[in-house]
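All values below were derived from every heavy atom in this structure, side-chain atoms included, with hydrogens, water molecules and symmetry-related copies excluded. The model shown is predicted, which means the values in this text are computed figures rather than measured ones.
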Amino acid sequence: MEKIFTTSNEIKSEIINLSAILNLPKGTEAFVSDIHGEYDEFAHILRNGSGNTRQKISELFTGRLTAESQKRLAFLIYYPTEILRQTKEQMPDEGSLSQWYIDTFNELIEMLRYTSSKYTRSKVRKAIKDDFVYITEELLYADSNDNAKYKYYYEVMESIIRLDMADSFIISTCHTIQRLVVDHLHIIGDVYDRGPHPDYIIDHLMKRWGSLDFQWGNHDILWIGSAAGSKLCMANLIRISARYNNLRLLTNYGIGLSDLRDFAEKYYKPLNSFQPKSDTGAKIPNDDACYDNCVQQAIAIMQFKLEGQTIKRNPDFQMSERMLLDKLSLDRKTIEIDGKTYPVVDGCFQLVDPDDPYKLTDEEEKILIDLSQQFIDAPKLRYHMAYMMNNGSMYLKYNGNLLLHGCVPVDEEGKMLGWTVNGQTYAGKDLFDFFEKVLKEGFQKPKLVDCLNSDIIWYLWTGKMSPLFGKRAMTTFERYFIEDVQTHHEVKNPYYSLRKEEWFADELLSEFGLDPENGHIVNGHTPVKLGHSPIMANRKIFVIDGGMSKPYHKTTGIGGYTLLSNSYGFQLVTHEPFTTRKRAIADMTDVVSTKRVIEQSVKRTTVGDTDIGISLKKQIANLTARLESIEKKQTINA
């Protein structure tokens with residue numbers, strides 16, 4: 001809420017304050033994409049500020065602290081609770097621990113002072129835990145050369161130790177440094193997918209992070225869509241969870257799966273094509289593997305039936321070629337696709353009626369309705385999805401840059417493709433805006449009954465004109481039942497080859513109302529293969545899905561990319577593959593491998609050059625007009 005100023009002096013003070021803020025250096029933005037539920041790796045990257053923390057420690061303490069001491073300080077900032085526990089176990093006596101506390105207080109306060117130098121005191125205060133605001137500010141703004149106050153500051157630190165507050169103070173200060181190293185966080189899609197703990201990621205962000213935004217990814221849509229009542233989104237979500245041995249995530253959200261499990265075990269037996277996969281490569285217990293296998297079959301058949309129904313009632317989707325159940329031979333041993341007959345492997349079509357292949361059985365219908373109602377009603381799921389919706393969008397224009405997860409559907413010449421639905425055609429930016437409107441309406445008013453909104457939300461997951469999918473078709477059916485790998489291939493939209501061209505980047509930026517001369521596009525969704533560059537279109541497009549998900553590490557050869565934009569320009573950060581949180585702490589193994597400056601500003605960028613600066617300038621103009629009005633009245637009255 002904007003402050004109300006009643007006197008000319010109050011207005012003048014605020015103009016001075018805002019004008020000064022405009023000249024501060026721009027805060028650091030971090031861009032992260034395709035987390036895929038890998039909480040430990042994502043949390044580590046947040047904690048180390050994509051390598052920013054280690055860099056600042058080096059700048060501040062090189063020549064004063066050894067490399068090993070700098071590393072220990074960095075890991076204390078990343079994992080204060082765990083490093084405190086380790087340190088206290090290693091201390092020989094209370095006197096040594098007290099001295100360590102004093103030294104650590106000084107190092108952390110110095111680090112906090114250095115990290116917070118580009119922010120106003122007000123902003124720094126908001127980043128500090130309420131319990132420690134007074135103490136931290138006293139130490140933070142102390143004059144180290146003021147001998148008269150030395151005893152005062154030393155007594156503050158001694159009192160923290162004496163009153164058994166040292167650990168809490170250190171933890172609070174470390175968390176404050178984490179929050180200030182990165183000023184704003186952009187998450188460019190796919191918090192959710194095969195990884196085990198996207199729920200932890202959302203909890204972490206809600207509790208510990210301030211300024212952030214999401215650009216929704218295709219996997220996020222399955223969860224948002226399920227909370228909006230889309231049975232098809234839900235069926236895909238459950239199938240993928242079963243495929244990657246992650247059904248426990250659904251139970252963490254309060255979704256009961258017992259009826260589905262009983263149904264699956266009643267009608268299905270394990271098949272090779274439905275063997276679950278482990279995200280970590282660990283062996284899956286036999287009972288879990290059997291359960292996941294049968295559930296995967298049951299929900300996959302329901303998914304294919306629902307797809308057929310949805311495609312039939314939406315001819316605008318132009319997806320009739322994806323109706324495959326009616327292409328099966330009567331003996332279910334072959335299928336005809338595009339005029340070619342293929343053998344079917346591991347068929348599980350015992351509940352598919354040859355006369356009406358897309359009709360659900362009564363039991364299937366009952367299970368889907370029950371599960372869908374659970375997804376709509378699950379409080380924690382609703383809370384998490386609301387957080388993503390309230391802080392997210394299909395795309396974002398931020399500080400002159402365009403952020404989007406997937407693609408802008410185009411033809412081979414780069415012309416924006418139009419999608420017609422309900423007699424209206426949408427292309428380019430309008431297509432994104434249309435999908436966002438439908439998604440928000442669907443989430444705000446979830447429905448159990450099938451409707452156009454829920455159908456379009458599912459289309460976002462798999463439709464060829466979906467900016468979040470970006471392929472001609474999703475070949476889930478073929479991957480399960482046909483051995484010929486040529487049928488598995490998913491043809492990408494021409495966007496993915498054209499984005500290497502500078503002229504194409506310029507057209508995209510113009511389409512979204514941004515300046516092609518100075519703007520950039522930050523993209524996720526497609527892992528950058530080993531040997532390929534994530535920097536495209538003459539440094540105008542950055543693709544930062546480097547493969548945070550563990551199965552992608554072999555493809556990419558790395559543990560993911562993040563992008564940093566600070567007052568000096570852009571840096572691309574390449575991360576080494578992450579092992580485990582426990583091992584990272586035990587070995588103090590960081591994941592940042594290289595930082596590469598990809599664009600350097602001629603002059604240091606200030607707040608005045610950003611979107612926030614534009615807003616502040618408008619406030620200053622309004623305040624100036626009010627001040628002139630007040631002074632004019634005072635002159636008349638005088």
- prompt: Between Tyr358 and Asp326, is any side-chain donor less than 3.5 angstrom from a side-chain acceptor?
  reply: yes
message: Given 3.5 Å as the limit, does a donor-acceptor pair link the side chain of Gln297 with the main chain of Ala264, or not?
response: no
message: Taking the side chain as everything from C-beta on, heavy atoms only, tell me whether Leu205 gets closer than 4.5 Å to Val191.
response: no
Arg261 side chain to Val295 backbone, donor-acceptor under 3.5 Å: no
query: Which of these passes side chain to side chain contact (heavy atoms under 4.5 Å, CB included) with Val408: Glu511, Met416, Arg499?
result: Met416
task: Check Leu572 against Pro534 and note the closest heavy-atom contact, atom names and distance.
output: CD2-CG, 3.4 Å
Donor-acceptor contact present, side-chain Lys540 to main-chain Pro516, <3.5 Å: yes
query: Would you say Arg581 and His44 make side-chain contact, with heavy atoms under 4.5 Å?
result: no
Least distance between heavy atoms, Ile544 atom then Val522 atom: CD1-CG1, 4.0 Å
field: Straight-line distance of Ile456 CD1 to Ser466 OG, nearest 0.5 Å
entry: 11.5 Å
- prompt: Phe42 and His204: aromatic ring centres closer than 6.0 Å?
  reply: no
- request: Assess whether side chain to side chain contact (heavy atoms under 4.5 Å, CB included) is satisfied between Asn314 and Leu452, documenting all intermediate values.
  value: CA-CA 8 Å; Asn314 292 286; Leu452 181 59; 3.4 Å; yes
Gap between atom CD1 of Ile35 and atom CD of Glu41 - 0.5 Å precision: 10.0 Å
message: Tell me which pairs pass ring-ring contact (aromatic ring centres under 6.0 Å, His included) where either residue lies in residues 401-432, with sequence neighbours left out.
response: Phe317-Trp419, Tyr395-Phe432, His405-His525, Trp419-Phe435, Trp419-Tyr459, Tyr426-Phe434, Phe432-Phe512
query: Hey, do the aromatic rings of Phe31 and Tyr561 have their centres closer than 6.0 Å?
result: no
query: Once the angle between the rings of Phe481 and Phe349 is folded into 0 to 90°, is it parallel (under 30°), tilted (30 to 60°) or perpendicular (over 60°)?
result: tilted
- request: Could you check Thr251 against Leu247 for side chain to side chain contact (heavy atoms under 4.5 Å, CB included), going step by step and ending with a plain yes or no?
  value: CA-CA 7 Å; Thr251 59; Leu247 288 170; 6.0 Å; no
message: Taking the ring of Phe542 and the ring of Phe570, is the distance between their centroids below 6.0 Å?
response: yes
- prompt: What class does the angle between the rings of His197 and Tyr200 fall in, given that below 30° is parallel, 30 to 60° is tilted and above 60° is perpendicular?
  reply: parallel
Check against side chain to side chain contact (heavy atoms under 4.5 Å, CB included), Ile369 and Lys231: CA-CA 8 Å; Ile369 290 173; Lys231 298 183 188 69; 4.2 Å; yes
task: Using distance alone, with no hydrogens and no angle criterion, decide if Asn245 and Asp292 have a side-chain donor and acceptor under 3.5 Å apart.
output: yes
- request: Identify, with sequence neighbours excluded, every residue that meets salt bridge (Lys or Arg N to Asp or Glu O under 4.0 Å) alongside Lys266.
  value: Glu363
Contacts of Asp455 that satisfy salt bridge (Lys or Arg N to Asp or Glu O under 4.0 Å) - sequence neighbours left out: Arg313
- prompt: Looking only at side chains, do Glu478 and Tyr342 share a donor and an acceptor under 3.5 Å apart?
  reply: no
query: Which heavy atom in Thr475 sits nearest to a heavy atom in His489, and how many Å separate them?
result: CG2-O, 3.8 Å
- prompt: Do Tyr267 and Leu351 touch side chain to side chain, with heavy atoms closer than 4.5 Å?
  reply: yes
- prompt: Does a donor on one side chain sit under 3.5 Å from an acceptor on the other, for His219 and Asp190?
  reply: no
- request: Determine whether more than 12 heavy atoms belonging to other residues, nucleotides or ligands lie under 6.0 Å from atom CD of Glu265.
  value: yes
query: Between Thr487 and Ile482, which heavy-atom pair has the shortest distance, and what is it?
result: OG1-CG2, 3.6 Å
message: Going by the rule salt bridge (Lys or Arg N to Asp or Glu O under 4.0 Å), which residues pair with Lys437 if we only count those two or more places apart in sequence or in a different chain?
response: Glu441
Enclosure of Lys366 NZ (heavy-atom neighbours >12, cutoff 6.0 Å): no
statement: Rounded to the nearest 0.5 Å, the CG atom of Leu404 sits from the NZ atom of Lys429 at a distance of 13.0 Å
- prompt: Are Met302 and Leu260 side-chain neighbours, meaning at least one heavy-atom pair lies under 4.5 Å?
  reply: yes
query: Can you check whether Leu271 reaches Tyr480 side chain to side chain, under 4.5 Å on heavy atoms?
result: no
Within 6.0 Å of CZ in Arg479, more than 12 heavy atoms from elsewhere: yes
query: Donor-acceptor pair, Gln296 side chain versus Phe274 backbone, under 3.5 Å?
result: yes
task: State whether Phe477 and Arg322 meet the cation-pi test: NZ (Lys) or CZ (Arg) under 6.0 Å from the six-membered ring centroid, and within 45° of the perpendicular axis.
output: no
- request: For Glu436 and Met394, indicate whether the former's side chain and the latter's backbone hold a donor-acceptor pair under 3.5 Å.
  value: yes
query: Is there side-chain contact between Thr310 and Asp450, with at least one heavy-atom pair below 4.5 Å?
result: no
message: Using a 3.5 Å distance criterion without hydrogens, assess whether the side chain of Trp216 forms a donor-acceptor pair with backbone atoms of Met388.
response: yes
- request: I would like to know whether Val345 and Ser273 meet side chain to side chain contact (heavy atoms under 4.5 Å, CB included); could you show each step before the answer?
  value: CA-CA 8 Å; Val345 296; Ser273 296; 4.2 Å; yes
statement: Those residues at least two apart in sequence (or on a different chain) that pass salt bridge (Lys or Arg N to Asp or Glu O under 4.0 Å) with Glu364 are Lys305
- prompt: Has the side chain of Asn493 got a donor or acceptor atom that lies under 3.5 Å from a matching backbone atom of Val410?
  reply: yes
- prompt: Is Gln486 atom CD crowded by more than 12 heavy atoms from other residues, nucleotides or ligands, each under 6.0 Å away?
  reply: no
task: Side-chain contact test, heavy atoms from C-beta onward, threshold under 4.5 Å: evaluate it for Asn523 versus Met536 and give yes or no.
output: no
message: Ring-plane angle category for Tyr192 and Trp223, please: parallel below 30°, perpendicular beyond 60°, tilted otherwise.
response: tilted
- request: Spell out, as yes or no, whether a donor-acceptor pair under 3.5 Å connects the side chain of Asp353 to the backbone of Asp355.
  value: yes
query: Just wondering, more than 12 heavy atoms not from Asp338 lying within 6.0 Å of its CG?
result: no
- prompt: Listed by chain and number, what are the side-chain hydrogen bond (donor to acceptor under 3.5 Å, both in side chains) partners of Gln374, not counting sequence neighbours?
  reply: Asp370
Minimal non-hydrogen separation, Cys233 against Ile457, with atom names: SG-CG2, 3.9 Å
Side chain to side chain, Leu257 and Tyr291, heavy atoms closer than 4.5 Å: yes
Over all atoms of both residues, closest heavy-atom pair of Tyr496 and Gly470: CE1-O, 3.4 Å
